[in-house]
Student: 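Let me give you the structure first, and then I'll get to my questions.
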Amino acid sequence: MSLSSPEKRQKMDQAAIIEAAMSAMTDTANPALFDVTIICTTDDFQASYWMDRLSSGVCKSSSSGKFPMVIAVSEDWSSSSGAGNGLGTL
C-alpha cells in the first residue's frame, strides 16, 4: 500500500479527527460544552443529583444565557408502562 493510497489517507484522516476531538475534550483553557446535556436515571434522587452536579460543575454557564443546559429525568422501568419518555434511547 503506497502512502497516497485512499486507505492510508482515510486512516490518517481518522487519526487526525480523533486527535482533534481528544484535544477539544481535554483543553482546560477552552472547554468544549454541549448546548444541552440530557441525563436519564433510574430514580428522582439520581436525576436531582446529576442535574445539580453538572449545572454547577462542568456544564456551568459562564454567561447569563440559558446554555449550556442540563436536563435530568428519571425513568421508571418497573412500572407497567415502562420508561415512557424515550430519552434513554436517544
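Everything numeric in this text was worked out from a predicted model, so none of it was measured.
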Student: Please give me the minimum heavy-atom distance between A47 and S74, naming the atom from each residue.
Tutor: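 Smallest interatomic distance, heavy atoms only, reads CB-N, 4.2 Å.
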
Student: What closest approach, in Å, do I38 and V36 show between heavy atoms, and which atom pair accounts for it?
Tutor: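 What the structure gives for the nearest pair is CG1-CG1, 3.9 Å.
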
Student: Give a yes or no on whether the backbone of D44 and the side-chain of S48 come within a donor-acceptor separation of less than 3.5 Å.
Tutor: no

Student: Report the residues that fulfil side chain to side chain donor-acceptor pair (under 3.5 Å) with T42, sequence neighbours left out, ordered by chain and then residue number.
Tutor: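 Expected list: Q46.
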
Student: State, to 0.1 Å, how close T41 and W50 come at their nearest heavy-atom pair, and which atoms those are.
Tutor: CG2-CD1, 4.2 Å

Student: Counting C-beta onward and ignoring hydrogens, is there a side-chain heavy-atom pair between V73 and I39 closer than 4.5 Å?
Tutor: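 V73 vs I39: side chains apart.
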
